[in-house]
K.L.:
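Sharing a structure below in structure tokens format, with a few things to ask.
Naming convention: chains lettered A, B, ... in sequence-line order (proteins, then strands); numbering from 1 in each chain.
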There are 2 protein chains.
Amino acid sequence: MAEGGPGSESLLFLTDEQLRKGIEAMFFAYRGFTADPDRILENHAYGRAHHRAIHFINRSPGTTVNNLLSILGVTKQSLNRVLRTLIDDGLVESRVGTRDKRERHLYLTEAGAALERELSDAQRARMRSAYRSAGPEAVQGFRQVLEAMMDPEMRRHFNAMKDAG
Amino acid sequence: MAEGGPGSESLLFLTDEQLRKGIEAMFFAYRGFTADPDRILENHAYGRAHHRAIHFINRSPGTTVNNLLSILGVTKQSLNRVLRTLIDDGLVESRVGTRDKRERHLYLTEAGAALERELSDAQRARMRSAYRSAGPEAVQGFRQVLEAMMDPEMRRHFNAMKDAG
DNA sequence: CTTGGAAAGTCAACAAGGCTGACTTAATAT
DNA sequence: ATATTAAGTCAGCCTTGTTGACTTTCCAAG
């Protein structure tokens with residue numbers, strides 16, 4: 001497969017071995033990425049699915065259920081189970097839409113925002129430490145590769161979130 | 001771009017907003033990362049857990065169950081369920097250790113290697129495409145940040161795998 | 001104004017893949 | 001001899017994903 005064709009020296013980063021290392025790096029790094037929030041969630045009797053919902057509601061306050069469904073890529077039934085507990089526990093508020101009353105707009109309550117802060121503080125701390133030790137140029141490369149790895153629809157969501165700070 | 005010295009402008013990549021974008025990039029990219037293998041596994045009635053076992057047995061042929069356990073970070077019972085089906089289906093071979101007969105050494109059979117190839121071809125294709133579109137320097141940064149994000153023990157496993165090609 | 005379809009929510013049932021705890025067997029190490 | 005280790009197993013539980021069927025509410029188009 002790696003025949004060493006014309007101009008192959010410049011493509012050494014595309015060897016199967018390099019790609020395999022990239023795959024393993026993703027695997028091991030993702031474990032670290034989720035480790036801190038997972039520990040915190042244990043104390044609150046929530047799981048990763050709750051974290052994801054909280055994260056994106058925080059990022060896009062007032063988002064609809066349908067939009068959240070599309071971002072998270074799960075079924076309505078699956079999200080609803082998680083969302084119901086968050087609403088019942090008073091972490092998320094669901095307001096009937098004004099323009100379209102079929103829609104529900106989702107917001108974090110004060111308690112929800114507090115948990116979001118706790119979770120994202122931990123996750124950002126690890127990310128900050130990794131960014132700092134790798135340096136700004138590495139971070140730019142990191143972001144470029146990750147974005148190129150996304151499915152188009154996910155990349156759309158990712159870039160849409162840029163503005164909605 | 002990166003102004004020399006630990007000034008303040010040079011740390012703009014460490015803002016909360018930048019870190020949040022990094023977190024979301026990890027989330028969306030990981031989805032893409034697993035999407036292709038997931039589709040293939042469906043046709044074989046296997047899941048992501050089987051993929052992980054196959055991947056690391058392929059990477060370290062003859063590895064013991066205990067070592068695999070430590071790499072995957074799951075319980076013995078959880079791994080065993082997956083391993084048993086792979087052995088029963090003739091994708092993995094379990095050989096009694098010669099030096100220590102308590103140990104079992106794991107190997108892919110020809111059929112196991114075939115599935116591994118099918119899975120990793122798909123995953124590498126995506127990784128290759130992302131690498132190519134981002135370029136060699138971005139890839140280096142990508143790897144640096146991911147490695148810095150790992151827990152120390154996972155980093156140890158990651159680097160140990162470098163040699164065992 | 002009726003009707004079709006969209007958004008949300010719910011119930012039931014199921015599967016994958018984590019977990020704990022308890023226990024066995026075989027073999028090594030002390 | 002005994003303790004420990006590696007592997008494997010059984011049972012049961014939890015989270016989080018899935019399908020499928022169905023309801024309620026509401027908007028929009030005929």
K.L.:
If you look at every strand shown and take non-hydrogen atoms under 4.0 Å, does A:Arg84 touch a base, only sugar-phosphate, or nothing?
P.N.:
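Touches sugar-phosphate only.
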
K.L.:
So, does the side chain of A:Arg102 form a donor-acceptor pair with the base of C:dA8 at under 3.5 Å?
P.N.:
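No.
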
K.L.:
What contact category does B:Arg48 fall into here, base, sugar-phosphate, or nothing, at under 4.0 angstrom with non-hydrogen atoms?
P.N.:
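Counting heavy atoms under 4.0 Å across all strands, the contact made by B:Arg48 is with sugar-phosphate only.
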
K.L.:
Would you mind reporting whether A:Val82 and A:Tyr46 have side-chain heavy atoms less than 4.5 Å apart?
P.N.:
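A:Tyr46 does not reach A:Val82 side chain to side chain.
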
K.L.:
So, under a plain 3.5 Å distance rule, would you say the side chain of B:Gln77 forms a donor-acceptor pair with the base of C:dG21?
P.N.:
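Yes, a donor-acceptor pair under 3.5 Å.
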
K.L.:
Does A:Arg52 place a side-chain N or O at less than 4.0 Å from the phosphate oxygens OP1/OP2 of D:dG17?
P.N.:
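Yes, within the criterion.
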
K.L.:
Closest-nucleotide mapping onto DNA chain C: is B:Tyr46 or A:Thr64 further toward the 5' terminus? I mean the 5' end.
P.N.:
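Checking each residue's closest nucleotide, the 5'-ward one belongs to A:Thr64.
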
K.L.:
Which part of the nucleic acid does B:His105 contact within heavy-atom distance under 4.0 Å: base, sugar-phosphate only, or nothing?
P.N.:
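Since no nucleic acid heavy atom lies under 4.0 Å of B:His105, the category is nothing.
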
K.L.:
With a 4.5 Å cut-off on side-chain heavy atoms, are B:Phe142 and B:Glu147 touching?
P.N.:
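Result no, sub-4.5 Å side-chain heavy-atom pair not found.
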
K.L.:
Going by modelled atom types, is there a donor-acceptor pair between the base of C:dG9 and the side chain of A:Arg81 at under 3.5 Å?
P.N.:
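No, the side chain and the base share no sub-3.5 Å donor-acceptor pair.
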
K.L.:
Please assess A:His105 against A:Ser94 for the test side-chain hydrogen bond (donor to acceptor under 3.5 Å, both in side chains), listing each intermediate value before the final yes or no.
P.N.:
CA-CA 6 Å; A:His105 298 277; A:Ser94 167; over 6 Å; no

K.L.:
Within 45° of the ring axis of A:Tyr107 and under 6.0 Å from its six-membered ring centre, is that where the NZ or CZ of A:Arg95 lies?
P.N.:
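Relative to the ring axis of A:Tyr107, which defines the angle, A:Arg95 lies inside both limits.
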
